[in-house]
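Have a look at the structure below, then the notes.
Counting convention: from 1, in listed order, for ligands and their atoms alike.
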Amino acid sequence: MARRVTLTQYLLEQQRSHDKVSPGLRLLLEVVARACKMIGYHVNKGPLSGIGDVVGNINVQGEAQKKLDVVANEVLVEANEWGGQLAAMVSEEMDGPYIVPDRYPRGEYLLLMDPLDGSSNLDVNGPVGTIFSVLRHQDEGRVPDENAFLQPGSKQVAAGFALYGPATVLVLTVGNGTVGFTLDKELGSFVLTQPNIRIPEDTSEFAINASNARNWEPPVKRYIDECLAGKTGPRGRDFNMRWVASMVADVYRILCRGGVFMYPRDAKHKEGRLRLMYEANPMSFIIEQAGGTATDGERRILDLQPTALHQRVGVVMGSKNEVERIAAYHREAS
Ligand code: AHG
Ligand code: MN
Ligand code: MN
């Protein structure tokens, strides 16, 4: 039987041979992965978990929180607060930073997370996931505040996501390529199944919520119109479309077979729909490490200087040549 590489072995290898992972970061990523297993367990129970309903709270983004959003957030906070690697955490589901309590040692890292992504899919047994990002706390002597988190995505030391689909997968980058693990549920361990994810540079598949079409900016409209025109249009070939309404699932598909994922800013979502710190930055790091590109239309997402924790941003990411074409359409339009 071929030797199976577990997440632990992969991280140890990154620590020993590539100097990409400190012992502290390795422990932190293992704890995050363990929390994802727990969240996946709840998700897989579906209605039997009894925690799929709306709780009635409205989160800081003005959205109804589902019980499972709240549970996933709690699982991540409880798993990560005592290990000694983290100084603080922020999450889509919390208004401000959660500082590691005084009773635990505070470490050198900051964790950012979207505990449950794609949660509108919960009611329909569609795929959901967890997105996370790790930054270094630049001023280790001080208790971190919101400003400690406002670092550009290029400063991330690790990013990843779990996708709770037919199989539970964990995609990870520590800045040395993008890799994928599949959860062996009997053994309870993540096994390396995609040791070197590469996104094809060209694609004939795009993902966008077309119900926003009337609000799109001209360069986006131009790009999609050209795709839809297919063989007889300027692109000279037919395109296919997918939209899962779950960024983890749409991005995972692009990591597997290429494509372009877009949630651009538009007349309704003036700043964009997705969150820079919890969604766009970690996914951009993962995509770039797999040979893809990520832009807000004008600028590389990883270069953006965040100004607020819950800030939103336009997102165009995936296969390099298509993303660059869309960026060129934006340049031509301005
Ligand atoms: P979340 O469930 O964390 O709020 O994120 C949902 C996001 C993203 O996963 C997805 O791509 C997008 O919102 C779907 O938006 P629409 O409902 O507008 O299609
Ligand atoms: Mn999300
Ligand atoms: Mn979410």
Show me the donor-acceptor pairs, under 3.5 Å and distance only, between side chains in residues 185-192 and residues at least two apart or in other chains.
from: Lys185; atom 1: NZ; to: Asn44; atom 2: OD1; distance (Å): 3.0

Requested in this report: Let me see the working for Asn281 and Gln156 under side-chain hydrogen bond (donor to acceptor under 3.5 Å, both in side chains), right down to the final yes or no.
Outcome: CA-CA 8 Å; Asn281 271 342; Gln156 291 170 102; 4.8 Å; no
Residues Ser246 and Val128: closest non-hydrogen pair is OG-CA, 3.9 Å
field: Whether Trp243 lies under 4.0 Å from ligand 1, heavy atom
entry: yes
Check your understanding: Could a heavy atom of Leu274 be found less than 4.0 Å from some atom of ligand 1?
Key -> yes
Contact region, Asn212 to ligand 1, non-hydrogen atoms below 4.0 Å, reads neither
Worksheet item: Does Leu116 come within less than 4.0 Å of ligand 1, judged by its heavy atoms?
Response: yes
So for Ser246 against ligand 1, with non-hydrogen atoms under 4.0 Å, the contacting part is backbone
Between Ile199 and Ser319 the two heavy atoms that sit nearest each other are CG2-OG, 3.6 Å
If we number the atoms of ligand 1 from 1 as shown, the ones under 4.0 Å from a heavy atom of Glu92 are 3 (O), 4 (O)
Ligand 1 to Met247, heavy atom cutoff 4.0 Å, flagged ligand atoms 8 (C), 9 (O), 10 (C), 11 (O)
request  = Please lay out, stage by stage, how Arg253 and Val244 fare under the test side-chain contact (heavy atoms from CB on, under 4.5 Å).
outcome  = CA-CA 10 Å; Arg253 183 186 60 257; Val244 188; 3.8 Å; yes
So for Arg275 against ligand 1, with non-hydrogen atoms under 4.0 Å, the contacting part is side chain
Out of Asp117, Asp114, Ile208, the nearest non-hydrogen contact to atom 9 (O) of ligand 1 is supplied by Asp117
Excluding water, the protein N, O or S atoms sitting under 2.8 Å from the Mn ion (ligand 3) are Glu92 OE2, Asp114 OD1, Leu116 O
Sequence neighbours excluded, the answer for side chain to side chain donor-acceptor pair (under 3.5 Å) partners of Thr293 is none
Requested in this report: Decide whether an N or O pair under 3.5 Å exists between Phe261 and ligand 1.
Outcome: no
Which of Glu279, His310, Met277 passes side chain to side chain contact (heavy atoms under 4.5 Å, CB included) with Glu92? Answer is Glu279
So the atoms of ligand 1 within less than 4.0 Å of a heavy atom of Glu279 turn out to be 3 (O), 5 (O)
Within 4.0 Å of some non-hydrogen atom of Asn209, the atoms of ligand 1 are 16 (P), 18 (O), 19 (O)
Exercise. Determine, stepwise, if the pair Tyr164 / Thr130 fulfils side-chain hydrogen bond (donor to acceptor under 3.5 Å, both in side chains).
Key: CA-CA 8 Å; Tyr164 315 115; Thr130 299; 2.7 Å; yes
*asked:* Any non-hydrogen side-chain atom of Leu274 less than 4.5 Å from a side-chain atom of Phe261?
replied: yes
Residues 281-292 vs salt bridge (Lys or Arg N to Asp or Glu O under 4.0 Å), sequence neighbours excluded, gives Glu288-Arg300
In Glu279, the N/O/S atom nearest the Mn ion (ligand 2) carries the name OE2
Note to self: Determine whether Leu163 and Val171 satisfy the following criterion, side-chain contact (heavy atoms from CB on, under 4.5 Å), listing intermediate values before the conclusion.
What the structure shows: CA-CA 8 Å; Leu163 168 61; Val171 172; over 6 Å; no
**Asked** Near Gln138 CD, under 6.0 Å, is it more than 12 heavy atoms from other residues, nucleotides or ligands?
**Response** yes
Practice task
Give the ring-plane orientation class for His269 versus Tyr263, where under 30° counts as parallel, over 60° as perpendicular and anything between as tilted.
Solution key: perpendicular
Under 4.0 Å, counting heavy atoms only: does Ser120 come that close to any atom of ligand 1?
no
